[in-house]
**Q** 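Would you mind keeping the following structure in view while I ask a few things?
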Amino acid sequence: MSLVVRSSRFRHVFGTAGKKDANYESVRITKTSWDSNFSAANPKFIAVVTEAAGGGSFVVIPIEKTGRLDPTYPVVGGHQQAVLDVAWNPFNDNIIASSSEDTTVKIWEIPDGGLKESLVEPLIDLRGHQRRVGIIKWHPTANNVLLSAGHDNLIVGTLRGRNRSVRSNARS
């Protein structure tokens with residue numbers, strides 16, 4: 001019996017561990033199990049869904065603020081239950097949407113430089129689902145178009161500024 005060793009294109013590739021001052025530490029990541037990344041990033045900020053008592057929240061950290069995160073760092077916390085997904089608007093780096101188990105989608109405006117105090121009042125509070133909302137996506141080429149999909153088998157599209165929403169029943 002002959003032993004065959006396959007050569008790999010990556011045999012000469014080696015990684016190095018990141019330096020402590022270039023990492024984000026002490027971020028209390030959520031323990032909710034859901035099919036989501038629980039984080040989103042854009043050129044200005046990183047958003048991470050966090051563990052919170054009494055409702056859902058996520059933390060928004062400026063990209064350049066690396067190192068250990070203070071336990072009292074301000075959070076975005078206007079949901080009544082756990083946050084399941086976050087997504088940045090591709091046209092405005094200060095606008096982020098969040099979806100939650102409380103059947104709502106909220107749109108938030110993050111000030112330049114990041115949060116100085118916790119944010120609990122959303123820019124827009126969208127209500128159109130009957131069950132938890134697990135997935136939200138901004139349209140990549142149309143400004144202010146957000147789609148949300150929930151456990152009620154509905155896909156809701158929202159056109160910001162026009163107070164219209166399009167509902168589609170996703171049941172087959």
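Residue numbers run from 1 in the order of the sequence given. Note that this is a predicted model, so its numbers are computed, not measured.
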**Q** Give me the atom names and distance for the closest heavy-atom approach of Val49 to Val86.
**A**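 Shortest heavy-atom contact: CG2-CG1, 4.1 Å.
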**Q** My understanding is that only one of Leu115, Val76, Thr50 makes a side chain to side chain contact (heavy atoms under 4.5 Å, CB included) with Val59; could you say which?
**A**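 The residue from Leu115, Val76, Thr50 that satisfies side chain to side chain contact (heavy atoms under 4.5 Å, CB included) with Val59 turns out to be Thr50.
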**Q** Would you kindly confirm whether Ile29 and Ile61 end up in one hydrophobic cluster when ILVMFWY residues are joined by side chain heavy atoms under 4.5 Å apart?
**A**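 Looking at the clustering, Ile61 is in the same group as Ile29.
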**Q** Does Lys137 pair with Asp85 as a salt bridge, N-O distance under 4.0 Å?
**A**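 Judged by the 4.0 Å cut-off on N to carboxylate O distance, Lys137 and Asp85 do not form a salt bridge.
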**Q** What's the separation between atom CG in Leu69 and atom OG1 in Thr72, rounded to the nearest 0.5 Å?
**A**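 Output value for this atom pair is 8.5 Å.
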**Q** Please answer whether the main-chain N or O of Gln80 pairs with a side-chain N or O of Asp102 as donor and acceptor at a distance below 3.5 Å.
**A**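 Checking the backbone N and O of Gln80 against the side chain of Asp102, a donor-acceptor pair under 3.5 Å is found.
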**Q** With the 4.5 Å side-chain cut-off for hydrophobic clustering, are Ile135 and Leu84 part of the same group?
**A**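 No, because Ile135 and Leu84 fall into different hydrophobic clusters, even though each may have its own neighbours under 4.5 Å.
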**Q** For a quick test of reading the model, state the closest non-hydrogen atom pair linking Gly77 to Ser57 and the distance between them.
**A**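 Distance-wise, the nearest heavy atoms are CA-CB, 3.9 Å.
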**Q** Do Phe58 and Val60 touch side chain to side chain, with heavy atoms closer than 4.5 Å?
**A**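 With C-beta onward as the side chain, the pair touches.
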**Q** Would a distance-only check, ignoring hydrogens and angles, find a side-chain to backbone donor-acceptor pair under 3.5 Å from Ser100 to Gln81?
**A**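 Answer holds: yes.
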**Q** Examine distances only and state if a side-chain atom of Tyr24 and a backbone atom of Lys65 form a donor-acceptor pair shorter than 3.5 Å.
**A**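 Checking the backbone N and O of Lys65 against the side chain of Tyr24, no donor-acceptor pair under 3.5 Å is found.
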**Q** Under 30°, 30 to 60°, or over 60°: which ring-plane class applies to Trp88 and Phe45, parallel, tilted or perpendicular?
**A**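 The rings of Trp88 and Phe45 lie parallel, inter-plane angle below 30°.
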**Q** Which atom pair, heavy atoms only, marks the closest approach of Trp138 to Ile107?
**A**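 Nearest pair, atom of Trp138 first, then Ile107: CH2-CD1, 4.1 Å.
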**Q** Search all heavy atoms of Gly113 against all heavy atoms of Pro62 and return the closest pair with its distance.
**A**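 Shortest heavy-atom contact: O-CG, 3.7 Å.
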**Q** Can you measure from CZ (Arg132) to NE2 (His151) and round to the nearest 0.5 angstrom?
**A**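 Rounded to the nearest 0.5 Å, the CZ-NE2 separation comes out at 4.0 Å.
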**Q** In Å and rounded to the nearest 0.5 Å, what is the CD1 to CD distance from Ile46 to Glu64?
**A**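 Spacing of CD1 (Ile46) from CD (Glu64) equals 10.0 Å.
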**Q** Does Asn144 reach the side chain of Ile95, with side-chain heavy atoms less than 4.5 Å apart?
**A**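 Side-chain contact under 4.5 Å: no.
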**Q** Side chains of Leu126 and Leu146: closer than 4.5 Å at any heavy-atom pair?
**A**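 SC-SC contact between Leu126 and Leu146 confirmed.
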**Q** Honestly curious: do Ile96 and Phe91 fall in one hydrophobic cluster under the side-chain, below-4.5 Å linking rule?
**A**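 Ile96 and Phe91: separate clusters.
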**Q** What's the shortest heavy-atom distance between Val83 and Phe38, and which atoms?
**A**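 Looking at all heavy atoms of both residues, the shortest contact is O-CE2, 4.2 Å.
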**Q** Atom NZ of Lys106 and atom OG of Ser98: how far apart are they, to the nearest 0.5 Å?
**A**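 Answer rounded to 0.5 Å: 7.5 Å.
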**Q** Quick check on Glu117: does its CD atom have over 12 non-hydrogen neighbours (other residues, nucleotides or ligands) under 6.0 Å away?
**A**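 Atom CD in Glu117 is not packed in, count stays at 12 or less.
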**Q** If I take atom NE2 from residue His79 and atom OG1 from residue Thr104, how far apart are they, to the nearest 0.5 angstrom?
**A**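 Going from NE2 on His79 over to OG1 on Thr104, the span is 4.5 Å.
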**Q** To check you understand the geometry: which heavy-atom pair defines the closest contact between Ile136 and Ser148, and what is its length?
**A**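 Minimum heavy-atom contact is CG2-CB, 3.8 Å.
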**Q** Kindly work out whether a path of hydrophobic side-chain contacts (I/L/V/M/F/W/Y, heavy atoms less than 4.5 Å apart) joins Tyr73 to Val48.
**A**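 Yes.
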